[in-house]
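This report concerns only the one structure given below.
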Amino acid sequence: MRGFLGRWGGFLVLTAVVLLLPLILPNRFYFDMAVKVWLNAIVCVGLNLLIGYAGQISLGHAGFFALGAYASAILTRRFEIPGLVAMLMGAAGVGLLAFLVARPILKLKGHYLAMATLGLGIIVAIVINREIWLTGGPDGVRVPALFIGDWRVSRIEDWYWVAGGAMLLAVWLALNLIDSGVGRALRALHGSEVAAATAGVDTVRDKAMVFVVSAVFASIAGSLFAHAERFITPQEAGFLRSIEFVTMVVLGGMASTFGAVVGAALLTVLPQAVAEFQDYKHLAFGAILIATMIFLPKGLVPSLAELFRRRRP
């Protein structure tokens, strides 16, 4: 009961933050940063289901993010398909791809699984770079504005509410999944695949399912990112982008949905706060990842929550 109240109490707090934050944001730059935080958080919430709850590592989620972005760009620009329809079509395509590769990839374990997902991400990045006739290659491609009905989402203040609402929906879906029988199966799978299978859990099906869900989350975030930025490049599919997502999840706290949001916020804002060290951003991400694993192995949010519980009378 306490865990249930904590999860949904946290969701109410997060909703209040989204609603009240615009009151203190001074200008468009900070609204733009908030949009990037919410979109990164969507990817991290989905990735946390895979890494934190199912215990399956992925170093290729930037590929799913970029596929969603390019699907929206190509379908809306070349075929004049409405933005929301293109977004759903892209998510369906990414979900199908994830399903097709999930079973062979998720039979692997440990560093073999990490290498397989890394290879998948690299293949996506190579295809995007090489197929210039379709993707624009290294130069990238412009993305039309997003229309929701007759509403043209163009101002950064409008994008704040669209991205914030999408992030809250992603968190709500993740919390419901975690509270379901599937969520309990994922936690059992994380503890021991052998024990979970002995208890009747279909480990292959559940691992494939959570892989597809996390890929669809990344695809939706990528589509929104492309429309918000109005431009997309292959850099978003790069290996270092995948490492950023994993670092956000680990820093915030694996098996913590709100930790994923906090990690996304910290590592999205931090590079801007120390812009003079921008050239060392990826080095800093590596150092943060190492320090977190050594000093806060459970991540920031779970560690602080445990410390708070210990100090309560």
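FYI, side chains are in, hydrogens and waters are out, and symmetry mates aren't considered; it's all heavy atoms of this structure.
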Which pairs with one or both residues in [range] pass salt bridge (Lys or Arg N to Asp or Glu O under 4.0 Å), sequence neighbours excluded?
| range | result |
| --- | --- |
| residues 121-147 | none |
| residues 64-92 | none |
| residues 227-243 | K36-E229, E236-R241, R241-E244 |
| residues 294-306 | K298-E306, E306-R310 |

Please write out which residues are connected to F295 in a hydrophobic cluster, directly or through intermediates, given that two of Ile, Leu, Val, Met, Phe, Trp, Tyr count as joined at side-chain heavy-atom separations below 4.5 angstrom. I290, I294

Hydrophobic cluster mates of I123, side-chain heavy atoms under 4.5 angstrom, ILVMFWY only, any path? V127

Sequence neighbours excluded, which residues qualify as side chain to side chain contact (heavy atoms under 4.5 Å, CB included) partners of P22? F31, Y160, W161

With sequence neighbours excluded, what pairs up with S242 under the side-chain hydrogen bond (donor to acceptor under 3.5 Å, both in side chains) test? none

With sequence neighbours left out, what residues match T268 under side-chain hydrogen bond (donor to acceptor under 3.5 Å, both in side chains)? N40

ring-ring contact (aromatic ring centres under 6.0 Å, His included) partners of residues 192-212, not counting sequence neighbours, each pair once: F64-F211

Going by ring pair (Phe, Tyr, Trp, His ring centres under 6.0 Å), name the residues that satisfy it together with F245, two or more places apart in sequence or in a different chain. F65

Residue list, ring pair (Phe, Tyr, Trp, His ring centres under 6.0 Å) with Y30, at least two apart or on another chain: none

Under 3.5 Å, is there a donor-acceptor pair between the side chain of H190 and the main chain of G52? yes

Which is it for L21 and L25 under the side chain to side chain contact (heavy atoms under 4.5 Å, CB included) test, yes or no, and what are the steps along the way? CA-CA 6 Å; L21 188 60; L25 294 178; 4.0 Å; yes

